Amino acid sequence: MLFEILTTGLMGGIALKAFQKHKGVSSNDSGKIQRIMSLSGLNVRDGKDTITTQLVKKKQFEYKFRIPLGRSFADYEAKQHVFEDGLNNRRKNITFNDLRQLDLNRDLLLQLQQLWKAKLTEQKEIELSYDGLLIVRVYEKPLAKEVPYTSGKGWRVPVGVTRAQ
């Protein structure tokens, strides 16, 4: 009986984590961003109290923070490179889905090396905006520098490429 309860709870937790990962909810980014803000000197001291940014709302890849009094959006814009560097630590997150895509008939060691290198060079990119709240959008991949041209049928005008699908 106890074994069945534990395994059911464990499988439910794994399923919930997989669902969150599939939806793009990254649980670490908001905490990391707040910690980076704290360590980079964006907190405000008011006597004995320290006032920090507060997470108000979290969406798929968008976090909204309340800025403490005494700070401006320009302070956060000036530290944007600090946020990106902090989020781009060199931890290699190889998932089961990455391993499933390997072709077992070809050179497995070479494929693993390429996967390791691709995971090592991944870069998160952030975008900051302000509408009364500080909006931080975290993108898993940077915007493409070059978009390949593909010819279509009829008259079509390519307008651009965005990061959000």
Side-chain angles (χ1 to χ4, degrees), residues 1-44 49-68 71 73 75-77 79-144 161-165:
M1 177 78 171
L2 183 62
F3 176 74
E4 292 151 350
I5 293 172
L6 289 176
T7 55
T8 303
L10 180 67
M11 289 301 148
I14 290 172
L16 180 65
K17 183 70 174 170
F19 177 75
Q20 286 179 340
K21 188 78 166 176
H22 176 68
K23 284 293 187 185
V25 177
S26 180
S27 60
N28 296 353
D29 284 344
S30 65
K32 265 188 179 177
I33 291 170
Q34 283 184 310
R35 185 154 171 88
I36 292 167
M37 287 178 187
S38 170
L39 293 173
S40 64
L42 291 172
N43 291 343
V44 176
D49 296 333
T50 302
I51 303 169
T52 62
T53 55
Q54 298 172 344
L55 180 65
V56 175
K57 192 173 184 181
K58 179 165 62 168
K59 279 190 186 176
Q60 213 170 2
F61 59 89
E62 180 179 273
Y63 306 98
K64 293 187 177 186
F65 294 96
R66 184 173 294 119
I67 295 176
R71 289 286 172 207
F73 177 62
D75 296 333
Y76 291 88
E77 271 186 322
K79 301 275 185 171
Q80 181 173 355
H81 66 281
V82 176
F83 298 141
E84 286 180 354
D85 290 345
L87 289 175
N88 286 324
N89 60 359
R90 294 296 184 199
R91 235 184 296 158
K92 295 150 201 77
N93 295 326
I94 297 176
T95 62
F96 180 70
N97 202 17
D98 295 331
L99 295 175
R100 256 187 27 203
Q101 293 176 355
L102 295 177
D103 186 12
L104 299 176
N105 295 333
R106 294 181 29 211
D107 187 16
L108 189 61
L109 186 60
L110 180 65
Q111 290 180 51
L112 286 173
Q113 287 175 343
Q114 290 172 346
L115 178 64
W116 187 265
K117 185 177 180 182
K119 288 292 182 174
L120 184 64
T121 58
E122 279 184 346
Q123 289 288 322
K124 286 185 180 180
E125 199 171 90
I126 67 166
E127 177 183 301
L128 299 175
S129 60
Y130 186 75
D131 69 347
L133 295 174
L134 174 67
I135 301 170
V136 180
R137 290 184 184 92
V138 179
Y139 299 104
E140 295 293 323
K141 296 177 183 167
L143 189 61
V161 177
T162 65
R163 287 185 255 219
Q165 274 91 31

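Owing to the predicted nature of the structure, the values given are computational and were not obtained by experimental measurement.
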Do you know the tightest heavy-atom contact between [X] and [Y]?
X	Y	result
L87	K124	O-CD, 4.1 Å
Y76	F83	O-CE1, 3.7 Å
S30	K58	OG-NZ, 4.0 Å
K79	S40	NZ-O, 3.0 Å

I'd like to check [X] versus [Y] (side-chain heavy atoms, cut-off strictly below 4.5 Å). Are they in contact?
X	Y	value
K32	R35	no
I67	Y130	yes
Q111	D107	no
Q34	F65	yes
L6	T8	no
I135	Y63	no
Y139	I126	no
L108	L110	no

**Item:** Any donor-acceptor N/O pair, Q80 side chain to L128 backbone, under 3.5 Å
**Value:** no
**Asked** Which residues satisfy the salt bridge (charged side-chain N to carboxylate O under 4.0 Å, His left out) test with R137, sequence neighbours excluded?
**Response** E62, E127
**Message:** Applying salt bridge (charged side-chain N to carboxylate O under 4.0 Å, His left out), can you list everything that pairs with D85, at least two apart in sequence or on another chain?
**Reply:** none
**Request:** Let me see the working for V138 and I33 under side chain to side chain contact (heavy atoms under 4.5 Å, CB included), right down to the final yes or no.
**Result:** CA-CA 10 Å; V138 179; I33 291 170; 3.9 Å; yes
**Asked** Atom CD1 in I36, atom CD in E84: separation rounded to 0.5 Å?
**Response** 10.5 Å
**Request:** Let me see the working for Q54 and L133 under side chain to side chain contact (heavy atoms under 4.5 Å, CB included), right down to the final yes or no.
**Result:** CA-CA 10 Å; Q54 298 172 344; L133 295 174; over 6 Å; no
**Request:** Could you walk me through whether L55 and K64 pass side chain to side chain contact (heavy atoms under 4.5 Å, CB included), step by step?
**Result:** CA-CA 6 Å; L55 180 65; K64 293 187 177 186; 5.9 Å; no
**Prompt:** In this structure, which one of T53, T52, D75 forms a side chain to side chain contact (heavy atoms under 4.5 Å, CB included) with L42?
**Reply:** D75
**Asked** Do you see a donor-acceptor pair shorter than 3.5 Å between the side chains of S38 and N43?
**Response** yes
